[in-house]
Every structure is written in structure tokens, then in C-alpha cells.
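A quick write-up on the structure given underneath.
Ligands are counted one by one from 1 in listed order, and the atoms in each one are counted from 1 as well.
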Amino acid sequence: LRRWSLSGATALVTGGSKGIGYAIVEELAALGASVHTCSRNEEELESCLHKWRGLNFNITGSVCDVSSHEQRVKLIEKVSSLFHGKLNILINNAGTYLRKQIVDSTAEDYSFMMSTNLESAFHLSQLAHPLLKASGEGSIVFISSIAGLLGYPDIAIYSATKGALNQLTKNFASEWGKDGIRANCVAPGVTRTPLSMPYLEDKEVAKNMAILPLGRIGEPEEVASITAFLCLPAASYITGQIICVDGGRTLGA
Ligand code: NDP
């Protein structure tokens, strides 16, 4: 059924060598899409690409630091030539985490987090606009976080980048609907990835997880499935939405 398939679709997923991005790349490819991904570490990226070739997935990759303006331009040039100027799906997933109190945060922390988590997603989407428009059916998904909706201590800058992605989702959706481009956002709660692993050993975090309605942390595949759904023709009337994948954390109970 065409509504539940990505056969013939093209996709760019940033940060696909680990964690949530890795699961999204596999999910999109399994649904039939041709996927390009990127990360900074070449060795890790190559080992992923090797594994995916073995599974007969149509996945390519290039080294790119999404915090660099120049490298973002090169990445979209590469994607444009690979996919003949047409891109159906852009997943702005690459991002990082900073746990620091406001009084300890430096100007460098601020600009590093903003360029990695926020400016990257804004500029890559801007650069991809002609490609998404040319595809006739474009879909952007921002991976934000429930931290961008709530007010946790010690993660102010991180949360600001994610809150801004939640907001941008609505602006992109309202501005680019006329171009056949939808924009949505997936806001995960704590998910088991290399990024969150060090914090999961924390007894306090473990205690908090136990009181979630679903009583456990999330898996990358559980974030990937809704992300892929938002890109399917089946989701063709959904735009500007922020969907939490958090085991019920934001219910406030
Ligand atoms: P991981 O650190 O496990 O994976 C991040 C991926 O992005 C890696 O492939 C990494 O490769 C790549 N990446 C990181 N920085 C850059 C960069 N500057 N340029 C290009 N690629 C980069 O993170 P997660 O999978 O946990 O997180 C993915 C997204 O989900 C992030 O935006 C994060 O904020 C968000 N999220 C995660 C949650 C969690 O609990 N894990 C909760 C809520 C949101 P490399 O290092 O080689 O560049």
C-alpha cells in the first residue's frame, strides 16, 4: 500500500551513526527510502555503512560536522547531486547535551550548543528548501526533547535549543505548507543511547524513571517509528505538531 511505504523516497538524517539517528536511518530504509546520513567520526560512520550494505539497505553517508556553516553547505550539495535535486525527508536529529548550572555556563558553551543543536537544524532546512519543494512531497522532522517543554534544573542552554526547535516547527509548517512541505517535531524523553548512557547510571535518574507511567526509559526504535510515520504519505495532513515520546513523563502526574 503506497500510503504506508517510503519506496522511491529520498531522505537525509543528520547524526545517523549512533543512538536515535541510527534507528531512524534503519527505519526509513526498511520502509523503502534511499537515505543519506552524516556524523563527525569517519570510522564509526564507515562501520555503520558496512553493516547496512550487508542488509541490502540503500544508505550512503558522509562526514559532516553540522555545527559548521561551510560543512552544512557541502552536505546539502552532496545530497542534491546524489538525489538529483530532490529530497522528500529531512530529519534534523544531530545534537548534543550539556549538563551545567546557569552560573557555571560560559559563552563558549552557549555558542557551541546553539550552533550544534539549533543553527544546524535551521540552516540545513533553509538549504534543503529547494530540494524539498522540488520533490513535491517534503517532510521535515526536528528531534527536540521534552526538556524544551519543561523546566529542569542544570540544562538551561540545552533546553533553550530544544524549545526553539519546538517553536520553529510551527513557523516552518506555516511558511512552507504552500510549497508542499510539512514540518513536525518529535520530543523524546530519556532514551537509551550512547549520549544518555552515562546519566542512566545515576541512581537519582533511575529513581525518576521508575515513577514514569510506563516505568522505564525509551528505546531509540520507539523514537524512530513515530519519526518515520510522520514522513509517510499516511501522515500527509499532519503538520506543525510536537509529539512527545516519553513514556508519559509530560502527563504531569
Ligand atoms: P548520540 O550521542 O547517541 O548520537 C548522536 C549522533 O549524532 C551520532 O551519530 C553523532 O556522531 C552525531 N553528531 C553529534 N554531533 C554532531 C555534529 N556536530 N555533526 C554531525 N553529527 C553529529 O545522541 P542521541 O541519539 O541520544 O541523540 C539524538 C538526538 O536526540 C539529539 O538531538 C538529542 O538531543 C535528542 N534527544 C536525546 C535524548 C536521549 O535521552 N538520548 C532525549 C531527548 C532528545 P559523531 O559524534 O560522530 O558526530
[X]: heavy atom below 4.0 Å from ligand 1, yes or no?
X	answer
Tyr158	yes
Ile143	yes
Gln71	no

Nearest neighbour in protein (non-hydrogen) for [atom]:
atom	result
atom 43 (C) of ligand 1	Pro188 O, 3.4 Å
atom 44 (C) of ligand 1	Ser144 O, 3.1 Å
atom 12 (C) of ligand 1	Gly15 CA, 3.5 Å
atom 46 (O) of ligand 1	Arg40 NH2, 2.9 Å
atom 1 (P) of ligand 1	Leu195 CB, 3.6 Å
atom 31 (C) of ligand 1	Asn93 O, 3.3 Å
atom 21 (N) of ligand 1	Ser39 CA, 3.7 Å
atom 26 (O) of ligand 1	Thr193 OG1, 2.5 Å

Which atoms of ligand 1 are found less than 4.0 Å from any heavy atom of [X]?
X	value
Asn41	47 (O)
Asp65	17 (C), 18 (N), 19 (N)
Pro194	3 (O)
Ser145	43 (C), 44 (C)
Cys64	19 (N), 20 (C)
Gly19	3 (O), 25 (O)
Val190	40 (O)

If the test is side chain to side chain contact (heavy atoms under 4.5 Å, CB included), which one of [options] qualifies with [X]?
X	options	result
Val190	Leu200, Leu212, Asn208	Leu200
Leu12	Ile91, Thr37, Ile76, Ile89	Ile76
His129	Leu124, Ile181, Ile140	Ile181

Would one find more than 12 heavy atoms of other residues, nucleotides or ligands at under 6.0 Å from atom [atom1] of [X]?
X	atom1	value
Glu42	CD	no
Tyr110	OH	no
Ile102	CD1	no
Glu44	CD	yes
Lys178	NZ	yes
Lys86	NZ	no

(request) Indicate yes or no: does an N/O atom of Lys162 lie under 3.5 Å from an N/O atom of ligand 1? (result)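 So ligand 1 has an N or O lying under 3.5 Å from an N or O of Lys162.
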(request) Return a yes/no value for Val66: is any of its N or O atoms, backbone included, closer than 3.5 angstrom to an N or O of ligand 1? (result)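 Val66 vs ligand 1: N/O contact under 3.5 Å present.
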Does [X] approach ligand 1 within less than 4.0 angstrom via side chain, backbone, both or neither, non-hydrogen atoms only?
X	result
Pro220	neither
Arg192	neither
Ile217	neither

Per [atom], closest listed option by heavy atom ([options]):
atom	options	result
atom 42 (C) of ligand 1	Gly189, Ser196, Cys244	Gly189
atom 10 (C) of ligand 1	Ser120, Ser17, Gly148	Ser17
atom 37 (C) of ligand 1	Asp246, Ile20, Thr191	Ile20

For [X] and [Y], does a side-chain donor sit closer than 3.5 Å to a side-chain acceptor?
X	Y	result
Thr106	Asp109	yes
Asn171	Gln167	yes
Asn41	Ser39	no

(request) Would you mind checking if Lys74 and Glu77 are paired as a salt bridge, meaning a charged N to carboxylate O distance below 4.0 Å? (result)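 Between Lys74 and Glu77 there is no salt bridge, as every charged N stays at least 4.0 Å from the carboxylate O atoms.
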(request) Tell me whether Leu49 is reachable from Phe83 by hopping between hydrophobic residues (I, L, V, M, F, W, Y) whose side-chain heavy atoms are closer than 4.5 Å. (result)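 No, separate clusters.
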(message) Taking the side chain as everything from C-beta on, heavy atoms only, tell me whether Phe112 gets closer than 4.5 Å to Thr96.
(response) yes
